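Values in this document were obtained by computation on a predicted structure and should not be read as measured data.
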Amino acid sequence: IVMHQLATPRLGLVTDTNFTTTDYHSSFSLEGVSQPSAAVGVDRFGTYAGGGIALFWGDMLGNQSLATALQIQSGGGYTDVMGLVGYLNTASRINWGAAVQQVPYDYAGFAEGYSTVNGEPAYVAQELIYREIVREADLLLSYPFSQVTRVDFSVGYRNIIFRTTQNTNAFSLNTGEVLVNQSQDLPSEPAM
């Protein structure tokens with residue numbers, strides 16, 4: 001069998017070589033997907049849910065790339081959204097791109113103790129949530145001189161918003177009744 005296959009090298013090849021040709025038009029197609037995530041949880045402060053995914057797009061020749069990402073987290077009286085869209089064009093000698101994104105950063109502190117609420121002994125728990133939301137837009141221009149040397153230019157705008165929230169819960173030590181269940185926004189630094 002092997003000798004027969006070697007003796008007929010054209011076996012299985014296309015006999016008609018009149019192929020139609022068309023001009024190339026770039027279009028995006030999905031090239032990659034990050035591992036999606038999803039989470040749900042419940043605790044004494046409430047219900048939480050979140051999830052995220054990133055998608056990577058490109059054209060067949062690799063001249064254009066697009067990255068998109070979305071992550072949402074909700075619970076405890078707030079919702080955080082992270083998003084990113086970034087584009088890069090390397091079709092010509094001058095490479096250029098743009099990106100916009102929003103990234104929230106949350107920090108929390110917790111304190112608990114005993115106090116008197118409305119004349120009744122109580123267990124008090126306070127949660128302080130410090131939130132920083134960074135919004136950014138960038139443009140990029142790059143000119144390669146060789147495979148190892150290039151010059152890059154970039155310009156961008158960044159806005160940072162600060163928010164502080166305090167959640168207070170108080171429970172009666174006598175009856176277990178909820179005496180205080182409140183959330184309030186505290187004064188924060190101005191946006192930068």
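- Asp138 and Tyr157 get closest at one heavy-atom pair: OD1-N, 4.4 Å.
- Surrounding CD of Gln35 are at most 12 heavy atoms belonging to other residues, nucleotides or ligands under 6.0 Å away.
- Residue-environment remark: CG (Asn174) exceeds the threshold of 12 foreign heavy atoms within 6.0 Å.
- By the rule that hydrophobic residues join a cluster once side-chain heavy atoms approach within less than 4.5 Å of another member, Trp57 and Val85 end up as members of one cluster.
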Discussion item. Run the side chain to side chain contact (heavy atoms under 4.5 Å, CB included) test on Leu140 and Leu88 for me, step by step, so that the C-alpha distance in whole Å, both residues' side-chain angles and the decisive distance to 0.1 Å come before the verdict.
Written reply: CA-CA 9 Å; Leu140 166 74; Leu88 182 63; 4.1 Å; yes
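- For the atom pair CD (Gln126) and CD (Glu112), the distance works out to 11.0 Å, reported to the nearest 0.5 Å.
- Between Asp59 atom CG and Phe28 atom CZ the span is 6.5 Å, to the nearest 0.5 Å.
- Taken from CG in Asp80 to CG in Asp106, the straight-line distance is 4.0 Å, to the nearest 0.5 Å.
- At distances below 3.5 Å, at least one donor-acceptor pair connects side-chain atoms of Thr90 with backbone N or O atoms of Asn63.
- A centroid separation of 6.0 Å or more is found between the aromatic rings of Tyr105 and Tyr107.
- Leu173 is connected to Phe171 through a chain of hydrophobic side-chain contacts under 4.5 Å among Ile, Leu, Val, Met, Phe, Trp and Tyr, so both are in one cluster.
- Although no hydrogens or angles enter the test, the distance criterion places a donor-acceptor pair under 3.5 Å between the side chain of Thr68 and the main chain of Leu55.
- At least one side-chain heavy atom of Thr164 sits under 4.5 Å from a side-chain heavy atom of Leu128.
- Minimum heavy-atom separation, Trp96 to Leu141: CB-CD1, 4.1 Å.
- Val81 approaches Gln102 most closely through the heavy-atom pair O-NE2, 2.8 Å.
- Taken from CD in Gln101 to CE in Met82, the straight-line distance is 8.5 Å, to the nearest 0.5 Å.
- Taking hydrophobic clusters as Ile, Leu, Val, Met, Phe, Trp and Tyr residues chained together by side-chain heavy-atom distances below 4.5 Å, Val100 does not share a cluster with Ile72.
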Practice prompt. Evaluate the criterion side chain to side chain contact (heavy atoms under 4.5 Å, CB included) for residue pair Asn169 and Val178; output intermediate values, then yes/no.
Written response: CA-CA 7 Å; Asn169 294 294; Val178 176; 5.5 Å; no
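- Judged purely by atom type and a 3.5 angstrom limit, Arg93 uses its side chain to pair as donor or acceptor with the backbone of Pro144.
- Residues passing the side-chain hydrogen bond (donor to acceptor under 3.5 Å, both in side chains) test with Ser26, sequence neighbours excluded: Gln64.
- For Arg131, the CZ atom sits in a packed shell: over 12 heavy atoms of surrounding residues, nucleotides or ligands are nearer than 6.0 Å.
- One distance of note links CG of Asn159 with CE of Met192; it measures 9.0 Å at 0.5 Å rounding.
- Linking Ile, Leu, Val, Met, Phe, Trp and Tyr whenever their side-chain heavy atoms come within less than 4.5 Å puts Val103 and Ile160 in one cluster.
- In the hydrophobic cluster analysis, where Ile, Leu, Val, Met, Phe, Trp and Tyr join through side-chain heavy atoms closer than 4.5 angstrom, Tyr130 is grouped apart from Ile161.
- Pairing each heavy atom of Leu30 with each of Phe56, the nearest pair is CD1-O, 3.6 Å.
- Here the shortest heavy-atom pairing between Ser92 and Ile94 reads OG-O, 3.0 Å.
- Every residue meeting the salt bridge (charged side-chain N to carboxylate O under 4.0 Å, His left out) condition with Asp152, not counting sequence neighbours, appears here in chain and number order: Arg150.
- Taking the side chain as every heavy atom from C-beta outward, Val155 and Phe153 never approach each other to under 4.5 Å.
- Residues Val124 and Ser115 approach most closely at CG2-CB, 4.0 Å, considering heavy atoms.
- Listed by chain and residue number, nothing satisfies the ring-ring contact (aromatic ring centres under 6.0 Å, His included) test with Phe162 (two or more places apart in sequence, or in another chain).
- The CG atom of Leu66 sits 10.0 Å away from atom CD of Glu31, with the distance rounded to the nearest 0.5 Å.
- For Glu120, the CD atom is densely surrounded, since the number of other residues' heavy atoms within 6.0 Å is greater than 12.
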